2 protein chains.
Amino acid sequence: MNAPQMTRNQALVFDVLEKAEGPLSAYTILDKLRDQGFRAPLQVYRALEKLLEYGVVHRLESINSFVACAHPGEDCHSHGIVAFAICESCGQVIEFHDHEVDHRLMGWVRSQKFKPAKTTIEIRGTCEACAA
Amino acid sequence: MNAPQMTRNQALVFDVLEKAEGPLSAYTILDKLRDQGFRAPLQVYRALEKLLEYGVVHRLESINSFVACAHPGEDCHSHGIVAFAICESCGQVIEFHDHEVDHRLMGWVRSQKFKPAKTTIEIRGTCEACAA
DNA sequence: TCAATTGCGTTATGCTATAACGTGTGCAAT
DNA sequence: ATTGCACACGTTATAGCATAACGCAATTGA
């Protein structure tokens, strides 16, 4: 799915995520958009829902946060499974793709006749810069 | 880490999880233990924290739920990374391990000098039985 | 024009998780 | 024996994450 026209709210939320250093929670996004007239969580969640659909934002399940896709302009859905390394110290996220991992996972899934809809790979730990 | 002696609360929570068909949320566990005297979420969360440490319970990040480890008696931490296929229709969870996936992920992590602490792999979709 | 769709704003609510306090118990060191 | 510590526990309160349900406005396409 490619992004059609973003609405004002979607653009605002996306902008906040793109300019952020790392992942943000929905409520943090809300706070950053109070000046633009945001008042309720739903305004954020609805925008996020679309941005996730468009493939320009990812949800980090293990930390209940959202991050802009690292591949601006492209549709991340076409890269296969997306994996994330999340630094628990500084919050930075590195996004990466590994086709061999995809292949193994999808092979297993196939052998079980399981129909995958959404796959999450998240590695929490400490990034190089933060390792003492 | 191997499980030492479980306390009463830990045993109760573990028992509920083992007898369950699929993953349960902390609050669902709480409800199931009201008759045994449970009154507050913390009683559940504290027990879960220990059970996770012991490696006899897994947390499913993408659905905020908990499930008993599929390898009774063993310490799941020794199996390498644990992956889950979660059926969004019936709720059943299949736990599996793939050393090649571990290897690729850990290889990438190593190349980034990233220190992994906890890795999550969860595939949400539809199981064979539920596929129409 | 009419109906369907989509986005939006608002209020209310529900679910998930932890902070902070105090109690009791077992155990080891003195 | 007493003191000090670690640990599990119980309780109350609160924080953080997410969605239900309502109604309105704008757009589109038959």
Side-chain angles (χ1 to χ4, degrees), chain A residues 1-17 20 22-54 56-67 86 88 91 118 120 122 124, chain B residues 1-17 20 22-54 56-67 86 88 91 118 120 122 124:
Chain A
M1 160 130 22
N2 217 341
Q5 218 88 284
M6 278 191 207
T7 66
R8 169 182 156 85
N9 282 7
Q10 287 159 25
L12 284 168
V13 168
F14 182 64
D15 203 51
V16 165
L17 279 175
L24 301 178
S25 77
Y27 278 72
T28 303
I29 296 170
L30 174 57
D31 285 339
K32 287 181 183 289
L33 289 175
R34 297 237 181 242
D35 293 344
Q36 312 346 299
F38 273 49
R39 322 249 24 166
L42 233 65
Q43 295 173 284
V44 176
Y45 281 109
R46 289 205 271 232
L48 285 172
E49 187 180 7
K50 288 301 179 183
L51 296 171
L52 290 167
E53 253 181 62
Y54 302 157
V56 297
V57 161
H58 299 293
R59 177 195 190 103
L60 302 177
E61 307 279 1
S62 65
I63 57 173
N64 296 315
S65 295
F66 304 85
V67 70
I86 306 167
E88 288 174 321
K118 178 86 172 49
T120 297
E122 295 175 18
R124 284 163 333 281
Chain B
M1 160 128 26
N2 218 339
Q5 218 89 284
M6 278 191 206
T7 65
R8 168 180 156 84
N9 282 6
Q10 288 159 23
L12 284 168
V13 168
F14 182 65
D15 203 52
V16 165
L17 280 175
L24 301 178
S25 77
Y27 279 72
T28 302
I29 296 170
L30 174 57
D31 285 339
K32 287 181 183 289
L33 289 175
R34 297 237 181 241
D35 293 345
Q36 320 333 306
F38 274 49
R39 322 249 21 163
L42 231 62
Q43 295 174 283
V44 176
Y45 281 109
R46 289 205 271 232
L48 285 172
E49 187 181 6
K50 288 301 178 184
L51 295 171
L52 289 168
E53 252 181 62
Y54 303 156
V56 297
V57 162
H58 299 292
R59 177 196 191 104
L60 302 177
E61 308 279 2
S62 64
I63 57 173
N64 295 316
S65 294
F66 304 85
V67 69
I86 306 167
E88 288 174 321
K118 178 86 173 47
T120 297
E122 294 174 17
R124 283 160 339 277

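Source: prediction; values computed, not measured. Lettering of chains follows the sequences in order, A, B, ..., and the numbering in each one begins at 1.
We find that CD of A:E53 is positioned 12 Å from C1' of C:dT6, with the value rounded to whole Å. Whole-Å rounding puts the A:Y45 OH to D:dA20 P distance at 12 Å. Atoms CD1 (A:I63) and P (D:dG16) sit 15 Å apart, rounded to a whole Å. Counting to the nearest Å, the P atom of D:dC17 and the CG atom of A:D31 are 10 Å from each other. As a whole-Å value, the separation of B:L52 CG from C:dA17 P is 11 Å. To the nearest angstrom, P of D:dG16 lies 16 Å from CD1 of A:I29. With rounding to whole Å, B:L30 atom CG is found 16 Å from C:dG14 atom P. One atom, CG of A:L51, and another, C1' of C:dT6, lie 15 Å apart when rounded to the nearest Å.
We find the CG-CG distance between B:L17 and B:L51 to be 7.5 Å, quoted to the nearest 0.5 Å. Rounded to the nearest 0.5 angstrom, A:Y45 OH and A:F66 CZ are separated by 6.0 Å. Residue B:L24 holds its CG atom at 6.0 Å from NZ of B:K32, rounded to the nearest 0.5 Å.
Proximity of B:Q36 to B:R8: side-chain heavy atoms (C-beta onward) are separated by under 4.5 Å at one or more points. Using a 4.5 Å heavy-atom threshold, the side chains of A:D31 and A:R34 count as touching. A:L12 has its side chain within reach of A:F38: a pair of non-hydrogen atoms, C-beta onward, lies under 4.5 Å apart. Side chains of B:R46 and B:N9 form no contact here, defined as non-hydrogen atoms less than 4.5 Å apart.
A close approach under 4.0 Å does occur between a side-chain nitrogen or oxygen of A:N64 and OP1 or OP2 of D:dA18.
Of all heavy-atom pairs spanning A:P23 and A:L60, the tightest one is CB-CD1, 3.7 Å.
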Checklist entry - If you write DNA chain C from 5' to 3' in dot-bracket form, with Watson-Crick or G-U pairs under 3.5 Å, [ ] for crossing pairs and | for pairs with another strand, what do you get? => result ||||||||||||||||||||||||||||||
Please write out the pairs of protein N or O atoms and N or O atoms of nucleotides 6-13 of chain D separated by less than 3.5 Å, giving the distance to one decimal.
{"from": "D:dC9", "atom 1": "OP1", "to": "B:T7", "atom 2": "OG1", "distance (Å)": "2.7"}
{"from": "D:dC9", "atom 1": "OP1", "to": "B:N9", "atom 2": "N", "distance (Å)": "3.4"}
{"from": "D:dG10", "atom 1": "OP2", "to": "B:N9", "atom 2": "ND2", "distance (Å)": "2.8"}
{"from": "D:dG10", "atom 1": "OP2", "to": "B:Q43", "atom 2": "NE2", "distance (Å)": "2.6"}
{"from": "D:dG10", "atom 1": "N7", "to": "B:R46", "atom 2": "NH2", "distance (Å)": "2.3"}
{"from": "D:dG10", "atom 1": "O6", "to": "B:R46", "atom 2": "NH1", "distance (Å)": "3.3"}
{"from": "D:dG10", "atom 1": "O6", "to": "B:R46", "atom 2": "NH2", "distance (Å)": "3.2"}

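No hydrogens or angles considered: a donor-acceptor pair under 3.5 Å links the side chains of B:R124 and A:T120.
With hydrogens and angles left out, the side chain of B:Y27 and the base of C:dA17 share a donor-acceptor pair within 3.5 Å.
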